[in-house]
Amino acid sequence: MEKTLEKNIAQTADVATQISGSEALMRCLIAENVKIIYGYPGGAIMPIYDELYKFKEDIHHVLTRHEQGAIHAAQGFARVRNEVGVVFATSGPGATNLVTGIADAQIDSTPLVCITGQVPSHLLGSDAFQETDIISISTPVTKWNHQITKASEIPEVIAKAFYIARSGRPGPVLIDITKDAQFGLTDFTYHKCTAVRSYKPVPKTDPQTLESAAELINQAQKPLIVFGQGTILGNAEEALKHFVEKTGIPAAWTILGLSALPTNHPLNVGMVGMHGNYAPNMLTNQCDLLIAIGMRFDDRVTGNLNTYAKQAKIIHFEIDPAEVNKNVKVDVAVMGNVKHTLKDILPLVNSNSHTDWLAEFKKLDAIELEKVIEQDLHPKGAGLSMGEVIYNINQETDGDAVIVTDVGQHQMVACRYAKFSKSRSNITSGGLGTMGFALPAAIGAKMGAPDREVIAIIGDGGYQMTIQELGTIFQTRAAVKIVVLNNDFLGMVRQWQQLFFDKRYSSTELINPDFVTIAKGYHIPAKKVSERGDLRAAIQEMLETDGPYFLEVVVQKEDNVFPMIPSGASVSDIRLS
């Protein structure tokens, strides 16, 4: 009997030194310096939320109104903050509601750790209430995923999740934790992950590729740089600036590369792609050397691959081997983080100016200025243009604001005309093109950069896809400035219908609600503007307001975005009207 008593006492002492899987998760997050989580509770993740309540002094949780809102907010936070965004969701529909945001983060290389609750392990595969195989569903759109069924797995798996999410080319990771693993007890020790067997996040740079690239650069008479988000993800903005200025090479950007180089830099020649600037698109097919830096030759950038830069030698600075020669065959691939490879190549390249070549850009810039830009920014006719709204915002913010855009015409106009002086200032859904992205992403961006002005530019269609996140703004008082450009259409689809489908406006005209009344219902100050004379003052009032603000601007119903490369056409087939 005494031996049995001693054994029971020993077991009790053992249990007392252990913690639950849910507490272990909280301690892991604290060890990873997580300060904020976006999420929505439910039955299968309730033990984690119960533990979160005990750690609310250490970790702030933002209750969004939908799981898609949570993950987009985490994306905005991660993009502006250069940290891993963290999301909580329950099983079944809670987990599946994350999938759009996960796919968006995967293609745009946004580091996220998504924690989903799951039914108890003994119910897996039984079609239990709110059971969904989120591992199988999310496998194509995650950098890594894993299901935890034992509390003892949590520390090691979470450490690995953060390492994979943030290292190399970043991306989303999903960890699914069964309810019994959340309740289960485990000993706790935490060691940050610094390596995973067979996973090489940053490939080694071959010195010979640097020499070969430098030789091509030094010989080129008409070189063109196209830089993408890899420069921002690699913290390579200064390295890019030094490289551009020493070589004197004109530098164009993809949508996600925007803000890596200040927009007023004399060698910044604008945006490439479907609605990019005239000069860099046209001259892509005239350059003798194309230098791609941290970009992946997306189809919206290249147009018809059969005619893309066929006359040019191509150098690709890239961290992900899977992107090299995937779409465009290159002559030299320089592997590694562009922050380091650009620094390494700098001593090997000659100082240059390329004055005559730059003059070619200026000639085409003048044509675009006359035929497109002046009409966009300073229209003389009735009705406000989207471009003049962005122009007036630029005048008031001086390029210091974070601009978060949704997807559509307003996105293209904002990316074309917004001015940026700092990196990580352009937050948008690039590769996936997710309508509904901007409002929740702006909430996350504001929480990630509380000292910066954050302005969401949204179309009336995309706005209504996540309009419920006004409730999150109301509850958190996140000082997001919301500008809805309202043309009563799904504008980008309507533009294509006008140009390519004989104006058959099939299911694109919107009958919209009273947006101002809705905003005021959430106690957010709001105003509607339709006259040019009222626009500047309304923007000033918005920016001077302490806290969130909603501004609806009624713009021309059939205002189109030009230049435009028709789908499947060559970049040199760009249209000005």
Side-chain angles (χ1 to χ4, degrees), residues 15 18-29 37-55 59 61-74 85-106 112-162 164-165 172-188 468:
V15 171
Q18 295 183 319
I19 62 175
S20 71
S22 297
E23 182 177 348
L25 174 63
M26 291 302 116
R27 295 192 181 279
C28 293
L29 297 177
I37 295 168
Y38 299 90
Y40 204 96
I45 200 171
M46 204 173 295
I48 288 174
Y49 269 90
D50 184 58
E51 202 62 46
L52 176 63
Y53 183 83
K54 303 170 190 175
F55 283 84
I59 299 177
H61 179 269
V62 177
L63 174 63
T64 57
R65 297 306 184 262
H66 192 283
E67 291 88 355
Q68 185 179 349
I71 196 163
H72 289 330
V86 180
V87 184
F88 281 178
T90 194
S91 64
T96 58
N97 281 342
L98 296 179
V99 172
T100 295
I102 294 172
D104 192 285
Q106 173 79 337
L112 299 178
V113 170
C114 305
I115 309 291
T116 54
Q118 185 55 276
V119 300
S121 56
H122 72 277
L123 291 177
L124 291 173
S126 70
D127 291 332
F129 177 67
Q130 292 194 332
E131 182 199 359
T132 298
D133 184 0
I134 194 61
I135 295 298
S136 296
I137 290 171
S138 65
T139 293
V141 292
T142 49
K143 192 175 177 184
W144 180 62
N145 64 14
H146 185 83
Q147 186 174 78
I148 294 175
T149 58
K150 296 178 181 178
S152 58
E153 299 177 69
I154 289 174
E156 182 180 356
V157 171
I158 295 298
K160 186 177 177 181
F162 275 87
I164 291 174
V173 170
L174 183 139
I175 306 301
D176 194 43
I177 309 177
T178 60
K179 200 167 184 179
D180 50 322
Q182 298 170 44
F183 277 125
L185 297 175
T186 183
D187 295 318
F188 180 77
Q468 74 279 347

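For this chain, numbers begin at 1 and follow the sequence in order.
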Non-hydrogen atoms of Leu123 and Ser126 that approach each other most closely: O-OG, 2.6 Å
Electrostatic pair Glu156-Lys160, nearest N-O below 4.0 angstrom: no
Sub-4.5 Å side-chain heavy-atom contact between Ile134 and Val99: yes
Rounded distance [0.5 Å steps], CD1 in Ile164 versus NZ in Lys143: 7.0 Å
Criterion ring pair (Phe, Tyr, Trp, His ring centres under 6.0 Å) on His61 and Tyr53, from CA distance to verdict: CA-CA 9 Å; His61 179 269; Tyr53 183 83; over 10 Å; no
Residues Thr139 and Asn145: side-chain donor-acceptor under 3.5 angstrom: yes
Inter-residue atom distance Leu25.CG - Leu52.CG, 0.5 Å rounding: 9.0 Å
Test item: Glu131 side-chain N/O and Ala128 main-chain N/O as donor-acceptor pair under 3.5 Å: yes
Gap between atom CD1 of Ile135 and atom NE2 of His146 - 0.5 Å precision: 8.0 Å
Validation row: Cys28, Phe188 side chains within 4.5 angstrom (heavy atoms): yes
Steps toward side chain to side chain contact (heavy atoms under 4.5 Å, CB included) verdict (Ile102, Leu174): CA-CA 9 Å; Ile102 294 172; Leu174 183 139; 3.7 Å; yes
Pair Glu153 + Lys150: basic N to acidic O under 4.0 Å: no
Euclidean distance, Ser22 OG relative to Met46 CE, rounded to 0.5 Å: 11.5 Å
Gap between atom OG1 of Thr149 and atom CG of Leu124 - 0.5 Å precision: 8.0 Å
Main-chain N/O of His66 paired to Thr64 side chain as donor or acceptor, under 3.5 Å: yes
Chi angles and distances behind the side chain to side chain contact (heavy atoms under 4.5 Å, CB included) call for Leu112, Val86: CA-CA 6 Å; Leu112 299 178; Val86 180; over 6 Å; no
Sub-4.5 Å side-chain heavy-atom contact between Ile45 and Lys179: no
Heavy-atom side-chain contact between Ile37 and Val87 under 4.5 Å: no
Side chain proximity check, Cys114 to Ile71, heavy atoms < 4.5 angstrom: yes
N/O donor-acceptor pair under 3.5 Å between Asp180 side chain and Ser121 backbone: yes
Side-chain donor/acceptor of Gln182 to backbone N/O of Ile177, under 3.5 Å: yes
Minimum heavy-atom distance between Phe183 and Ser20, given as atom pair plus value: O-CB, 4.0 Å
Distance-only polar pair, side chains of Asp176 and Gln118, donor-acceptor under 3.5 Å: yes
Nearest-0.5 Å distance that lies between atom CD1 in Ile148 and atom OG1 in Thr116: 9.5 Å
Backbone N/O of Thr100 and side chain of Asp104: donor-acceptor pair under 3.5 Å: no
Ring center gap for Tyr40 and Phe88 short of 6.0 angstrom: no
Nearest heavy-atom neighbours spanning Val141 and Pro172: O-CG, 3.6 Å
Test item: Thr90 side-chain N/O and Ala44 main-chain N/O as donor-acceptor pair under 3.5 Å: yes
Smallest separation among heavy atoms of Gln18 and Asp187, with atom names: CG-OD1, 3.3 Å
Check: Leu29 and Phe162 side chains under 4.5 Å, non-hydrogen atoms: yes
Minimum heavy-atom distance between Gly184 and Ala151, given as atom pair plus value: O-CB, 3.5 Å
Shortest non-hydrogen contact between Leu98 and Ala89, atoms and distance: CD1-CB, 3.7 Å
